[in-house]
Amino acid sequence: MSTIRRQPVRIDRGRGPGDVAVGVLALAALAALLVGVPFALVTFFGSPIPGRPPSMETLTQRLDTTALMRILVIVVWLAWLQLAACVLVEVYAGIRGVGVPARVPFAGGPQAVAHRLVVAALLLFTATTVVVPALTAPRATHVQVKDPPRQQQQPRPAAEHAEAPATRQAPAEEDAGPAAPMEQNAVRKIYRVRPPEGRHHESLWEIAEKCLGDGRRYREIYALNKGKVQPDGTRLTMASLIRPGWVLDMPADATHVEVVHRGPHDGQHEHGVPHSEVPGGVHHHGSVNTEKQAVEAARRAAEQEARQRQASHEAGQGTQGSDRQGGSEAARPPAAQSPHATAPGTAPSGRPSAQASPRAAHPTPARPEHSGHPSEQQRPPAEQHRPAERQPVHLSAFGWPEELAVASLLAAGVLAVLGRRRREQLWRRAFGTRIARPEGEAALAEQALRIGADTDATRLLDLGLRQMSQALAAEGRTLPTVYGVHLGTDSLDLWIAPADRNPPVPWEEYDNGQVWRLNAGALDEVATADLADVLAPYPGLVSIGTNDTGRILVDLETAHGLISLQGPDEARRAVLAAVAVELATNRWSDHMRITLVGFGEELSLIAPDRIRTVATLAEALPELESRTEEVRQALAASGVDSVLTGRCRGVFGEAWMPHYLIMADPPTPEEAERLVALARTGQRMAAGYIVAGETPGATWTWDVTRDGRLRAGVLGFDVEAQLVPERHYRAVLELFRTAGRADGVPYGGLDEEPVAPPAMGEVRPAVDIRILGPVEVDAPGVVEESRRALCAEVLVYLATHPEGVHPTVLGGAVWPRGVSAPVRDATVARVADWLGRDSRGRPNLYHDERGRIRLGSEVRVDWEMFRWLVWRSAAEPASETAYLSYALDLVRGPLLAGRPPGRYSWLAAEDLEYEATARVADVAHRLVLMRLDDGDARDAVSAARAGLRLAVDDEGLWRDLLRATHATGDQAAVHGIVDELSDRVSADPFAAQLQPETEALVEELVPQWRVAAEGAG
């Protein structure tokens, strides 16, 4: 066991003359107040201690000028004593770094003045790290743990080295020491941002740590590259947002980088792209010899390619009809054959018919590292000079919503609430229809949310806090004040004040009781506790951003006053929107009220039961003042000493439900004065106020910078701010608008002809892919376990697109944040090796004549088999029951059950998830009715259960199950189903009540259910 040293806090390199002047003035002011005032009072008015004890005559004598002066002197002495106490508290907090200073009673204004003077004065004598609270250091709470292995750079896949040996040309002399001095304009050092590996993406901090030896030097890299046009046409504007394929200029002393010679091309690099991969128009005749010219040439090439793709798309639509009639592929013009007819990241629009099945012919597969690919002369014009990486053209204005992808708790909450809305949509779904799915920017936003959502961290935070409250209540203790939370990958840390070295089990204490920690491994133990009736102890916790080790949250209620957020208007609004969305959707809060000022009415779509939007602060103040008075009355009536005690012990539960105000525009001076008076209560009042702009009298002041850093003032946090820009939260709002649609989308009915009938007993499938449940693949080859999850996702995407997928579209779906062509092609090659060859020696994965990737005819997919069986049931009415039964036998569980977090985000933009749920539910419902008509109630129960294995949220199937079970005459089984359904609703924190139609059926079949449910509640 050893102790990990705290990482140093980033501080300014030195103090300027202005800082020294401010410190001297602050010191002089403190001396005048603490020494000058009592000296003047003693000199002019004498000692405040009376020479003799006071008598009744003193209290009854007539007041004159002398007596009034003595009273005023006593008042001044009392004010001085209060100020002296404030200074002592602030000095102690500043020197010891205890976090939030203790509050001096009735000293809000004087303590704020004392805080500013003390901090300015201490800066003259102490280092900044002594003044700010200890929690500023990102690893402050991680002590006394085992030494972790040194983080090493993960090697690139061997296939990538084999396929693209020219992608990195690091000179050998770099490792030996600094490069020899060179003329400044002769060479430059660059670093090419690597593609993501799983959920890991490079950051400027990691690049600086690897190439410069110190992560804190990331600012140098940012300064060198800020605003510089990158190969994909975008610019570096935020230090926290870099993209794969970007080329970063590095300082002269950087190692593990590439050295690029300036001037005409000599076969090395331009923009970090190998010479053979430079876009068309960039490397011809060696005419590009400056970075500006290369960027302009790359931009012209991208615009030319976009025009070609548009022409290809229009030509493809014109020839689509002839394709379905068996038209010759060779007869098409080159533009119609272009594999770019479909935009990256979107599915092709047309499906070939069964008569013209794409699996009939099998061109020889072309592995990326071999010469099987079409030559440059054979490729369409748009394919010949394609950049190695690029972003979809149609998303240039919206961009990849990275802010949503990194907001892990916010993403989990939004998806959970969105899932509830979609379950409610299922109530209104008609037979033969599916619920509407998002499109365009909304679909892209959901992809980012699916990638970023961390449900495990959400559960750890929610269940951990409730268990702590329950345990403390059982011991007769109250909840501690939590002013900060650190949520890492393996633990939950609470910074508490005052320190307490006796946390409840399984919590552990660190830093002499200033930190309580719950390890993620204890979550299973916590989850088994009965926490249904435990009130959320800290509903005001909200993410403000991330540091190097995890996510930082702050409790809005701990401020005991107003929080002022300063900075550029756009950044301010992005921070406040993130706070509002997370508060409205999180699961670690119970009932709450959020009043938004200056946001417009749209945000109420997300959580109308929590959010109220008003145009001005004047409209919100009466309700806020009324709520504060209600809390005061509840404290007096309940006999508890604080809101935390009331929540912990569960008394007067509704009284402690919070009300938060978030204001996007600065208030007027009159409004600010009234709001400050309301907010500054001196104790927790189940309320929080965060307002944009500088507000006199604010308890906390936070600053957000243009590059996305948030500094939380006296709390000492300096983090990458959690942001939701306006264009992104509007896309999230579109998700909720779509989820509120009452109309269904027809999916074609049960008689829609599938793409091609799969083999049914005639030929044993060479590969069997099952997605109606956990993903299962039976294939002749093998795949490395570490690569199985990624290869399985690629295979599932191909299996659900039998018409074929162009590699660019595949890359945009499976790697939405970007991927290099070598990495993508190497993964496809591994999948091809995994699938092997069929009974005739043909590859089970191949490239067709248009460059699309397809699966062979002996690859069986259970979803396609399901659709074909349903189609056959309609074609052969006499055997309909048998075919539908065979189809339901293929259903093993929820679609793609158990998929790794962050993967399969492309489902948000596909029909599969919505259509599979609707089709399975409709097939099960039809089979239940048919078997009930035949008097076979037990098989009807089996059919309903089969449908519920996948469509578990479809209450129509639950009603079918209740009716079928009731038809068997087994009343005990009916009671069991009712209990099962009730437990599902109560166990889901985001579930609404049962559908009215379901409740009516339950009351009819089990009349005493309502009484039993109310008794249990």
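Keep in mind it's a predicted model, so treat the numbers as computed, not measured.
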K.L.:
Could you walk me through whether Leu410 and Val724 pass the side-chain contact (heavy atoms from CB on, under 4.5 Å) check?
P.N.:
CA-CA 10 Å; Leu410 180 150; Val724 179; 3.9 Å; yes
K.L.:
Given salt bridge (Lys or Arg N to Asp or Glu O under 4.0 Å), test Arg573 with Glu726 step by step and report yes or no.
P.N.:
CA-CA 8 Å; Arg573 286 183 171 272; Glu726 182 177 1; over 6 Å; no
K.L.:
Could you tell me if the side chain of Glu258 sits less than 4.5 Å from the side chain of Arg192, heavy atoms only?
P.N.:
yes
K.L.:
Are Arg899 and Glu913 close enough for a salt bridge, meaning some N to O gap below 4.0 Å?
P.N.:
yes
K.L.:
If we count only N and O atoms by modelled type, under 3.5 Å, do the side chains of His728 and Glu441 hold a donor and an acceptor together?
P.N.:
no
K.L.:
Tell me if a side-chain donor or acceptor on Asp911 pairs with a main-chain N or O of Glu915 at a distance below 3.5 Å.
P.N.:
no
K.L.:
At their closest point, which heavy atom of Asn225 faces which heavy atom of Val247, and how far apart are they?
P.N.:
OD1-O, 3.9 Å
K.L.:
Hey, can you tell me if Trp906 and Tyr797 have their rings parallel, tilted or perpendicular (30° and 60° cut-offs)?
P.N.:
perpendicular
K.L.:
Keeping Lys189 on the side-chain end and Val257 on the backbone end, is there a donor-acceptor pair under 3.5 Å?
P.N.:
no
K.L.:
To the nearest 0.5 Å, tell me how far Glu206 CD sits from Leu204 CG.
P.N.:
10.0 Å
K.L.:
Quick one: CG on Asp456 to CG on Leu461, what's the gap to the nearest 0.5 Å?
P.N.:
12.5 Å
K.L.:
Going through the checks in order, is the side-chain contact (heavy atoms from CB on, under 4.5 Å) test met by Leu735 and Leu449?
P.N.:
CA-CA 11 Å; Leu735 286 175; Leu449 292 170; 4.0 Å; yes
K.L.:
Contact between Leu723 and Val575 at the side-chain level, heavy atoms closer than 4.5 Å - yes or no?
P.N.:
yes
K.L.:
With the side chain counted from C-beta on, respond yes when Leu224 and Met250 share a heavy-atom pair under 4.5 Å apart, and no when they do not.
P.N.:
no
K.L.:
Count the heavy atoms of every other residue, nucleotide or ligand shown that sit under 6.0 Å from CZ of Arg730, and state whether that count exceeds 12.
P.N.:
yes
K.L.:
So which heavy atom on Gln722 is nearest to which on Ala578, and how close?
P.N.:
O-CB, 3.5 Å
K.L.:
Say whether, by atom type as modelled, one donor and one acceptor occur between the side chain of Arg188 and the main chain of Asp249 under 3.5 angstrom.
P.N.:
no
K.L.:
Which pair of non-hydrogen atoms, one from Tyr222 and one from Asp707, has the smallest distance, and what is that distance?
P.N.:
OH-CB, 4.0 Å
K.L.:
State, yes or no, whether a side-chain contact exists between Ile451 and Tyr904 at a heavy-atom distance under 4.5 Å.
P.N.:
no
K.L.:
Can any side-chain N or O of Thr827 pair as donor or acceptor with the backbone N or O of Val823 at less than 3.5 Å?
P.N.:
yes
K.L.:
Using a 4.5 Å cut-off on heavy atoms from C-beta on, say whether the side chain of Leu444 contacts that of Pro401.
P.N.:
yes
K.L.:
Before you tell me yes or no, could you show the steps for Ile435 and Thr917 under side-chain contact (heavy atoms from CB on, under 4.5 Å), namely the whole-Å CA-CA distance, both residues' side-chain angles and the distance that decides it to 0.1 Å?
P.N.:
CA-CA 10 Å; Ile435 64 175; Thr917 302; over 6 Å; no
K.L.:
Just how far is it from atom CG of Leu896 to atom CD of Glu793, taken to the nearest 0.5 Å?
P.N.:
9.5 Å
K.L.:
With a 3.5 Å distance limit and no angle check, can you tell me whether His806 reaches the backbone of Thr808 through a side-chain donor-acceptor pair?
P.N.:
yes
K.L.:
For the pair Glu446 and Arg422, find out whether any cationic side-chain nitrogen is under 4.0 Å from an anionic carboxylate oxygen.
P.N.:
yes
K.L.:
Going by heavy atoms in the side chains, are Val704 and Arg709 under 4.5 Å from each other?
P.N.:
no
K.L.:
Give, for atom CG of Leu415 and atom OG1 of Thr455, the distance between the pair rounded to the nearest 0.5 Å.
P.N.:
9.5 Å
K.L.:
With side-chain contact (heavy atoms from CB on, under 4.5 Å) as the test, would you mind laying out the steps for Ile190 and Leu248 before giving the verdict?
P.N.:
CA-CA 5 Å; Ile190 64 171; Leu248 305 176; over 6 Å; no
K.L.:
Answer yes or no: are there more than 12 heavy-atom neighbours, outside Glu776 itself, under 6.0 Å from its atom CD?
P.N.:
yes
K.L.:
If you round to the nearest 0.5 Å, how far is OG1 of Thr546 from CD1 of Ile552?
P.N.:
8.5 Å
K.L.:
Does the side chain of Arg551 pick up a donor-acceptor pair with the side chain of Ser408 at under 3.5 Å?
P.N.:
yes
K.L.:
Please check: side-chain N/O of Asp848 versus main-chain N/O of Gly851, any donor-acceptor pairing under 3.5 Å?
P.N.:
yes
K.L.:
Of all the heavy-atom pairs spanning Leu855 and Ala799, show the shortest one and how long it is.
P.N.:
CD1-CA, 3.6 Å
K.L.:
Mark yes or no for whether Glu582, through its side chain, and Ser543, through its backbone, hold a donor-acceptor pair below 3.5 Å.
P.N.:
yes
K.L.:
Set out, in order, the CA-CA distance, both residues' side-chain angles and the distance that settles salt bridge (Lys or Arg N to Asp or Glu O under 4.0 Å) for Glu803 and Arg852, then state yes or no.
P.N.:
CA-CA 9 Å; Glu803 68 277 8; Arg852 294 177 180 268; over 6 Å; no
K.L.:
Mind checking whether Arg824 and Pro807 have side chains closer than 4.5 Å, heavy atoms only?
P.N.:
yes
K.L.:
Return yes if some donor-acceptor pair links the side-chain N/O of Glu734 with the main-chain N/O of Pro438 below 3.5 Å, else return no.
P.N.:
no
K.L.:
Looking only at non-hydrogen atoms, find the nearest pair between Pro251 and Arg217 and report the distance.
P.N.:
CB-NH2, 4.3 Å
K.L.:
Minimum heavy-atom separation for Leu605 and Phe736, please, with both atom names.
P.N.:
O-CD2, 4.1 Å
K.L.:
About how many Å separate CZ of Arg421 and CZ of Arg737, when rounded to the nearest 0.5 Å?
P.N.:
12.0 Å
K.L.:
Does a side-chain heavy-atom distance below 4.5 Å link Leu845 with Val828?
P.N.:
yes
